[in-house]
Structure formats: C-alpha cells, structure tokens
Protein chains: 2
Amino acid sequence: MHDPIDHVRDRLGRQDQRLTPQRETVLRVLLEHANEHLTAEEVYLEARGAAPDLGMATVYRTLDLFERLGVVHRLDAGQGVARYEFRPEGEGHYHHHLICLECGRILEFERDLLEPVERAVEKETGFLVIDHSLLLFGLCPDCRRTGPDAPSQGASPPRPDVGERDPGASPGASS
Amino acid sequence: MHDPIDHVRDRLGRQDQRLTPQRETVLRVLLEHANEHLTAEEVYLEARGAAPDLGMATVYRTLDLFERLGVVHRLDAGQGVARYEFRPEGEGHYHHHLICLECGRILEFERDLLEPVERAVEKETGFLVIDHSLLLFGLCPDCRRTGPDAPSQGASPPRPDVGERDPGASPGASS
DNA sequence: CTTCCTGCAAAGGGTTTGCACGCCT
DNA sequence: AGGCGTGCAAACCCTTTGCAGGAAG
C-alpha cells in the first residue's frame, strides 16, 4: 500500500470511480517523470506510447481528476500552458519553482521558508492563507555560467520550452 | 516630470515610438485603477468610454508594450486570464498577491519579506533570482468572517472564478 | 441495465497576427 | 516618402464540452 498506483485506485474506488487503463497510463507517465513538470500534451505524447488510442480529452480529464484527488500539482508559470507534476502522498505545499528565463528549465527548491511571510500576512491583513505559489524567475546555474546571451547549448534537456520573446523582457508573471 | 504619463512618453520617444491617444487612454485607465488588477478586457471596456473606436488588439499590443517598458505588471493568478496593474516608477519587485478562493478578490501585501528565501535559493542552488511571483491563496477577511460556505455577498466583484472544489483541496497553482 | 469512461470532433475563451489604411515627421 | 500604429477579422492555442459508443459492476 505504499504503491502510489494502489493508493490512487483506492481513492477512486471510494467514490465509485475506477482506475481505468488510460488513467493508470497517465499516472505511470507522471510517476516516471516525477519532478519534471510536463504539459498536458507532453503527458499525452508519452502516454500514447503505451496507449495509442488515448485521446487528449481523456488526458485533460484525468489530470483534472488527479488534481482534485491531490495526486498531482498543476502549476502555471505564467505562459499559456499548465504543467503537471506528481505529488507524493502527504507532501505539504512546500517546494518552490525556479524558472530559468534563458533556457526555460524549471528547477525546484525544496525548503519552504515561507512561514514567516504567511504569518506576517495573516497577522497584518487578516487574510487566512491556505496555499501558496512561489515562482522565482532568473538564471539557472548553467545559463548563468554561459552568460545571459549565449546561444543555447546542445547540452541540456530538450528544453521544456517556456514562451520565448526577447530575453531581457520582464518575466510574464510577477508578485 | 513626476507625471507618469510624461515619463512613458519619454521612454517611448527614446525608441522612436509614440504615446498615441489610444496608448494614453490605456495608460490613464491603468492609473485610475492602480492596485486593481484589471484584465485586458476590463481595460478595453473602461478605455472605450474615452476612445470608442479603440480595438481589443490595440489594448493587448499596448499592454504588452507597457509591460516591456516596465510600466505595468502582468499577473497571472492561474486562471486563464492575465491581469494588469500599473507599476509605479522605481518600484522594486516587492508586493505580493492574496487571492481569495471564495470571492476571487485580489488583495495586496506590500512588504517583501522574500529576501531570506531568495538568498537561500541563490546560496543553495546557484540560481540567480531576478524576479519573483508570490501568490497566496486563502480567504480574505470578509469571507473568513462570513464563513467559507456562505453564499457570495453582493459586495464584491463578480468573482473572477478561481477554481472551486472543497476548500482544503489544493488550489490550482502551487509552488 | 445502470453508471462510469472514453474518443472524436466541435466549441470556447483569451490572446496574437496579417493586412490595408491612417497618421506623424 | 517612410515608419510607426491602428482597427478589423481571422488565426491560434490550450482547454473544455457534447455526444454516442463501450466497458465495468
């Protein structure tokens, strides 16, 4: 019962829903790419390897379902695409995202460190904080090394593609 | 030269661009609604009062332009719409957004408090932080008072709809 | 058989782009 | 003239929805 797949099956069963082959495929893709922040389309493409008849709509519906179950995190980095990542059982809402403005990669930062901020907010405004999203935009170690304007290296992952525009322009979202 | 409008005109002039009547109208709307996080459509509707022939495309192009000039902040709270707010000259990237899951209102929190976090990130990961976006999801003082399930008050904005679900489930975006 | 699920295709909503015309220098 | 800027409409992209057929309990 430490198996995430069984866990999801149980959660679903409890509300008369099933872990269909399609759903299991999607779940497996998410598990195989933990910490990778796939888009729905990327999940779809990966999943089609195992389930060629799978449709996009099912992927979206499944990701939605999983999100409601708390099995995945949906993360919107401010470009027009949502990204999804598997969310280990019992994980708090810790861990923030570092988005490289140069190569688009998304790194993670595990420590929370936000409690002082949340406490200050609650105390000073009366707003009850339930969850948070912290995005840090900047340069990842690699791009920092290469210099902000160097042409992209063939070195790193395919590059998750975060919208482009001229580097130097301000990062879409902001606090 | 403290007038933001002149400031923008200058900035534009420097790159052979002009502060046209349309652009000025958009700018005025943003100024009149400082701290209000309007959507492009809301800007458009407001602006049409002063410039009935204005087109949506111009609004988008202008907001884009202003964003590149650093005159406005684009903020994406995780639902499918971008929101824009005037960004006072010389303002750092401080100030965070508190998004009420009940009524959809967006409040602001002026103090930064993120420096310890950013320093920790830079030190531990080598990632160079340039800007950030902190969204706190929860209940605003009003909704908190009314109770999480009270029918919406006539008091607040139409409610921008932030994903619903049982409060307690994680809100769409997350860090 | 009833309910849950699926794929397909169409619809949706926000945002962007192509194009021809207008405006300012 | 020569750009820059604009309105309009069409195009785009991601995501959602309607619907008829299937599978599971």
Side-chain angles (χ1 to χ4, degrees), chain A residues 8-9 11-27 37-45 47-48 50-69 72 74-84 160-165 169 172-173, chain B residues 8-9 11-27 37-45 47-48 50-69 72 74-84 158 160-161 163-164 172-173:
Chain A
V8 172
R9 191 178 352 254
R11 301 272 265 116
L12 286 170
R14 248 173 269 151
Q15 6 186 151
D16 295 298
Q17 292 178 304
R18 304 173 242 150
L19 186 60
T20 63
Q22 291 91 332
R23 290 175 180 174
E24 186 171 333
T25 302
V26 168
L27 182 53
H37 317 97
L38 303 178
T39 63
E41 189 172 15
E42 287 164 347
V43 171
Y44 172 67
L45 294 173
R48 290 205 43 147
D53 290 337
L54 185 66
M56 253 315 336
T58 300
V59 171
Y60 275 108
R61 284 188 281 232
T62 302
L63 290 171
D64 236 59
L65 175 65
F66 285 175
E67 197 201 349
R68 284 190 312 256
L69 290 182
V72 306
R74 185 209 301 272
L75 120 49
D76 191 328
Q79 326 103 230
V81 238
R83 290 178 174 277
Y84 301 83
D161 173 340
V162 172
E164 49 291 319
R165 318 244 151 277
Chain B
V8 172
R9 194 181 346 259
R11 301 273 265 116
L12 286 168
R14 246 174 269 152
Q15 10 186 147
D16 295 300
Q17 291 178 303
R18 303 172 240 152
L19 186 59
T20 64
Q22 290 91 332
R23 288 177 182 174
E24 188 172 331
T25 302
V26 168
L27 182 51
H37 317 97
L38 304 177
T39 63
E41 190 172 14
E42 287 164 348
V43 171
Y44 172 66
L45 293 174
R48 291 208 39 150
D53 290 338
L54 185 66
M56 248 323 334
T58 300
V59 171
Y60 275 108
R61 284 188 281 233
T62 301
L63 290 171
D64 235 59
L65 175 63
F66 285 175
E67 198 201 348
R68 283 191 311 258
L69 289 181
V72 305
R74 185 208 302 270
L75 117 51
D76 191 328
Q79 326 102 236
V81 240
R83 292 180 172 276
Y84 300 84
D161 174 341
E164 51 292 323

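Numbers restart at 1 for each chain; the letters A, B, ... are given by sequence-line order, proteins then strands. The structure presented is a predicted model; accordingly, all values stated were derived computationally and were not measured.
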S.K.: Taking the side chain as every heavy atom from C-beta outward, state whether Val81(A) and Glu41(A) have any atom pair closer than 4.5 Å.
M.R.: no
S.K.: How does DNA chain D look in dot-bracket form if you count Watson-Crick and G-U pairs under 3.5 Å, write [ ] for pairs that cross, and put | where a base pairs with another strand?
M.R.: |||||||||||||||||||||||||
S.K.: Write down the distance between CG (Leu54(B)) and C1' (dG5(D)), rounded to a whole number of angstrom.
M.R.: 12 Å
S.K.: Both Tyr84(A) and Gln17(B) contact DNA chain D. Which one's nearest nucleotide lies toward the 5' end?
M.R.: Gln17(B)
S.K.: Which distance, rounded to the nearest 0.5 Å, do you find between the CD of Glu24(A) and the CD of Gln22(A)?
M.R.: 10.5 Å
S.K.: Is Gln22(A) close enough to dT6(C) that one of its side-chain N or O atoms is under 4.0 Å from OP1 or OP2 there?
M.R.: yes
S.K.: Which residue, Arg74(B), Glu42(B), His37(B), forms the side chain to side chain donor-acceptor pair (under 3.5 Å) with Tyr84(B)?
M.R.: Arg74(B)
S.K.: What's the CZ-C1' distance between Arg61(A) and dC14(D), to the nearest Å?
M.R.: 15 Å
S.K.: Round to the nearest Å and state the distance from Leu19(A) atom CG to dA23(D) atom C1'.
M.R.: 15 Å
S.K.: Identify which nucleotide among dC5(C), dT15(C), dT15(D) has an atom closest to any side-chain atom of Val81(A), counting heavy atoms from C-beta outward.
M.R.: dT15(D)
S.K.: Is the distance from OP1 or OP2 of dC4(D) to the nearest side-chain N or O of Thr20(B) less than 4.0 Å?
M.R.: no
S.K.: Take Asp53(B) and Gln15(B), find for each the nucleotide of DNA chain D with the closest heavy atom, and name the residue whose nucleotide sits nearer the 5' end.
M.R.: Gln15(B)
S.K.: On the nucleotide dG5(D), are OP1 or OP2 found under 4.0 Å from the side-chain N or O atoms that Arg23(B) carries?
M.R.: yes
S.K.: For Asp76(B) and dT15(D), what is the distance between atoms CG and P respectively, to the nearest whole Å?
M.R.: 12 Å
S.K.: Rounded to the nearest Å, what distance is computed from the CZ atom of residue Arg11(A) to the C1' atom of nucleotide dC4(C)?
M.R.: 18 Å
S.K.: Pick the nucleotide of DNA chain C nearest each of Gly80(B) and Ala57(B); which residue has the one closer to the 5' end?
M.R.: Gly80(B)
S.K.: Could you give the CE-to-P distance, from Met56(B) to dG7(D), as a whole number of Å?
M.R.: 11 Å
S.K.: Working to the nearest 0.5 Å, report the span between CG of Leu45(B) and CE of Met56(B).
M.R.: 8.0 Å
S.K.: Establish, with yes or no, whether the OP1 or OP2 oxygen of dT15(D) is under 4.0 angstrom from a side-chain nitrogen or oxygen of Tyr60(A).
M.R.: yes
S.K.: How close or far is atom P of dT16(D) from atom OH of Tyr44(A), stated in whole angstroms?
M.R.: 16 Å
S.K.: Taking CD from Glu41(A) and P from dC13(D), how many angstroms apart are they, rounded to a whole number?
M.R.: 10 Å
S.K.: Once you round to the nearest 0.5 Å, how far does CZ of Phe66(A) lie from CZ of Arg61(A)?
M.R.: 13.5 Å
S.K.: Out of dT16(D), dG18(C), dT15(C), which has the shortest distance to the side chain of Ala82(B)?
M.R.: dT15(C)
S.K.: In Å and rounded to the nearest 0.5 Å, what is the CG to OG1 distance from Leu19(A) to Thr25(A)?
M.R.: 9.0 Å
S.K.: For the backbone of Thr62(A) and the side chain of Arg23(A), can you confirm whether one donor and one acceptor N or O come within less than 3.5 Å of each other?
M.R.: no
